[in-house]
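Here is the structure we will look at, set down as structure tokens.
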Amino acid sequence: MTKRFLIFGCLGWCIEILWTGFHSLLLGDGALTAKTYLWMFPIYGAAAFASPLFLAVRKSCPLWQRLGLYSVTIFLVEFTAGGLIRLATGVCPWDYGDNPLSVLGLIRLDYAPLWAALGCFFEEVSLLLAKKGELA
């Protein structure tokens, strides 16, 4: 389980760094400034606990249902984690408050397609880990 936690945590961090770096390029930052938060490692790493569920859902649900399920689940995790961090520290590291599609500054509804894609990516990682015997 520790190995899977580290894999998902590192993958999530890398994806977030690539995403924010690309976004900074679109905003004219030629340095490709990227950022993430230490809080994100355990949040992404927690996907390790869902690995068996990714595989079960893959077998029983068509892609369109999985896409919706992944988006909603990640929204719930992001909202809950952000709310708990805000409660504990007084601030949520990611603040979507300025976006008209944010919910209490904790999630952005326009990120649904991104979360669906991330869920599919983590599903593929889970499948690869299962084939390598890492989920046994």
For the pair Gln65 and Tyr70, evaluate side-chain hydrogen bond (donor to acceptor under 3.5 Å, both in side chains) and give the outcome as yes or no after the intermediate values. CA-CA 9 Å; Gln65 288 178 344; Tyr70 295 150; over 6 Å; no

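- Shortest non-hydrogen contact noted between Val91 and Thr89 is O-OG1, 2.8 Å.
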Yes or no on salt bridge (charged side-chain N to carboxylate O under 4.0 Å, His left out) for Arg58 and Glu124, after CA distance, side-chain angles and deciding distance? CA-CA 10 Å; Arg58 182 184 178 105; Glu124 290 299 319; 2.5 Å; yes

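- Closest heavy-atom contact between Ser102 and Gly97: OG-CA, 3.9 Å.
- Across all their heavy atoms, Phe8 and Ser126 have their closest contact at CZ-OG, 3.6 Å.
- By the 6.0 Å contact criterion, CG on Leu26 is enclosed, its count of non-hydrogen atoms from other residues, nucleotides or ligands being greater than 12.
- One hydrophobic cluster holds both Val103 and Val77 under the rule that ILVMFWY side chains link at heavy-atom gaps under 4.5 Å.
- A distance of 10.0 Å separates CZ in Arg108 from CD in Glu78, rounded to the nearest 0.5 Å.
- Closest non-hydrogen pair, Tyr44 versus Leu118, comes out as CE2-CD2, 4.0 Å.
- With a 6.0 Å radius and a threshold of 12 heavy atoms from other residues, nucleotides or ligands, Phe22 has its CZ atom at or below the threshold.
- Checked against Cys92 for a side-chain contact (heavy atoms from CB on, under 4.5 Å), the options Leu106, Ile85, Leu87 give a single hit: Leu106.
- By the criterion of side-chain heavy atoms lying less than 4.5 angstrom apart, applied directly or through intervening Ile, Leu, Val, Met, Phe, Trp or Tyr residues, Trp115 is grouped together with Phe49 in one hydrophobic cluster.
- Summarising the geometry, atom SG belonging to Cys10 is positioned 11.0 Å from atom CD1 belonging to Ile15; distances are rounded to the nearest 0.5 Å.
- Side-chain contact between Phe5 and Pro42 is present, with heavy atoms from C-beta onward closer than 4.5 Å.
- Cluster membership for Leu11 and Leu114, using ILVMFWY side-chain heavy atoms within less than 4.5 angstrom, is shared.
- Using a 4.5 Å heavy-atom cutoff, the side chains of Leu38 and Pro93 are not in contact.
- Under a 3.5 Å cut-off, the side chain of Ser24 and the backbone N or O of Gly21 do form a donor-acceptor pair.
- Nearest heavy-atom pair, Gly119 versus Ile74, reported as atom, atom and distance to 0.1 Å: N-CD1, 4.1 Å.
- Note that CG of Leu101 and CG of Asn99 are 5.0 Å apart. Values are rounded to the nearest 0.5 Å.
- Criterion: ILVMFWY side-chain heavy atoms under 4.5 Å apart, direct or through other members. Under it, Leu55 and Leu63 are not part of a common hydrophobic cluster.
- The aromatic ring centres of Tyr111 and Phe75 sit 6.0 Å or more apart.
- Summarising the geometry of Trp94 relative to Met40, their closest heavy-atom pair is CZ3-SD, 3.4 Å, with the distance given to 0.1 Å.
- Placement of Trp39 and Trp19 within a single hydrophobic cluster is found when ILVMFWY residues are connected by side-chain heavy-atom separations under 4.5 Å, directly or transitively.
- Atom CZ of Phe54 and atom SG of Cys120 lie 9.5 Å apart (nearest 0.5 Å).
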Glu16 and Tyr37: CA distance, side-chain angles, deciding distance, side-chain hydrogen bond (donor to acceptor under 3.5 Å, both in side chains) verdict: CA-CA 9 Å; Glu16 191 160 312; Tyr37 311 98; 5.9 Å; no

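- One finds the CG atom of Leu53 at 14.0 Å from the CZ atom of Phe122 (value rounded to the nearest 0.5 Å).
- Residues Thr20 and Thr36 have side chains not in contact (no heavy-atom distance under 4.5 Å, counting atoms from C-beta outward).
- Rounding to the nearest 0.5 Å places CG of Leu69 at 10.0 Å from CD of Glu123.
- The aromatic rings of Phe41 and Trp13 are tilted relative to each other, their planes meeting at an angle between 30° and 60°.
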